Amino acid sequence: MSIADNLHRVQERIVRAAESVGRRADEIMLVGVTKYVDAQQAAELVAAGCHNLGESRPQELWKKAGELTAKRAAGFTPAVPMPSIHWHLIGHLQRNKVARTLPLVTLIHSIDSERLLTAINEARTSPNDSGPPTNILLEVNTSGESAKHGLTPNEVEPLLAAATNFPQIAIRGLMTMAALEGGPAIAARNFATLRELRDRLKTNVTGCVQLNELSMGMSDDFEIAIREGSTIVRIGSALWE
Ligand SMILES: *Cc1c(COP(=O)(O)O)cnc(C)c1O
């Protein structure tokens, strides 16, 4: 199977999962996760029509973003079409990597502390910076697995309250990963937890907080996530096998 075939199969599965619960597939963004492949394969995915790419390590995102820009400039084949690539950081961001990451990304999915929000806001408050606010999602640990990053569900509301201090940050929604073990029923419950939390918090948010997005669903569970209301799925392995 080619990368384009894999992409089209995943897109069809997204359509079917959305339709099964009366949703429209165009409400759901596919982020193609490129952490397993090189810039050449990532470029083939973009050429096949997936313009949103995700990396979990900041250094790898910097590297691939640079390589793809260079390849485009060098007349790389297949030609990477415009509109150009939108990068998503889906893994942990360290504060010392904030400044270099912000100019490259469309959305950071994985913010889980006030310290990190403060660092991002500070990086964006230089007098020469008149760009739009940085888009972020708050990562929530809905499975309770100790190996996972993310806020506990109870920590989200206080952090949203603190967000009024960060005018350079736009909080677009929430992100989660389902439990590794436990199968589809547990995954569905983890995703429902995120959606219910969002629905409850959405009633009293204002200003730069909107909470429209739910980033949930990976190769093994994206159909379950879509049935539970996901608006962004982050898919790696299913695109590259
Ligand atoms: C790797 C990764 C994905 C993609 O996982 P697959 O199972 O390969 O689809 C999605 N989200 C995050 C945060 C990841 O680290």
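Keep in mind that this is a model prediction, so the values were computed, not measured. We count ligands from 1, going down the list as the structure has it; atoms in each ligand are counted the same way.
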Non-hydrogen atom of Tyr36 closer than 4.0 Å to ligand 1 | yes
Is the CG atom of Asp5 crowded by more than 12 outside heavy atoms at less than 6.0 Å?
-> yes
Pairwise distance OG(Ser215) to CZ(Arg172) - rounded to 0.5 angstrom = 14.5 Å
Answer with yes or no whether the side chains of Thr231 and Glu213 bring together a donor and an acceptor at under 3.5 Å.
-> yes
Please indicate whether any nitrogen or oxygen in Ser219 is less than 3.5 Å from any nitrogen or oxygen in ligand 1.
-> yes
Distance filter under 4.0 Å to Ser237 heavy atoms, resulting ligand 1 atoms | 6 (P), 7 (O), 8 (O), 9 (O)
May I ask you to list the atoms of ligand 1 that are less than 4.0 angstrom from any heavy atom of Gly236?
-> 4 (C), 6 (P), 8 (O), 9 (O)
What heavy-atom pair brings Pro58 and Leu89 nearest, and what distance separates the two atoms?
-> N-CD1, 3.9 Å
Would you mind checking which non-hydrogen protein atom is closest to atom 10 (C) of ligand 1, with the distance to 0.1 Å?
-> Met218 SD, 3.3 Å
Select the closest option to atom 11 (N) of ligand 1 among His88, Arg234, Lys35, judged by heavy-atom distance.
-> Arg234
Numbered atoms of ligand 1 (with element) below 4.0 Å of Ile235, judged on heavy atoms = 9 (O)
Please examine the side chains of Ile108 and Leu102, heavy atoms only from C-beta on, and report whether any two atoms are closer than 4.5 Å.
-> yes
Take atom CD in Gln94; do more than 12 heavy atoms of anything else shown fall under 6.0 Å from it?
-> yes
Does ligand 1 have any atom sitting under 4.0 Å from a heavy atom of Ile90?
-> yes
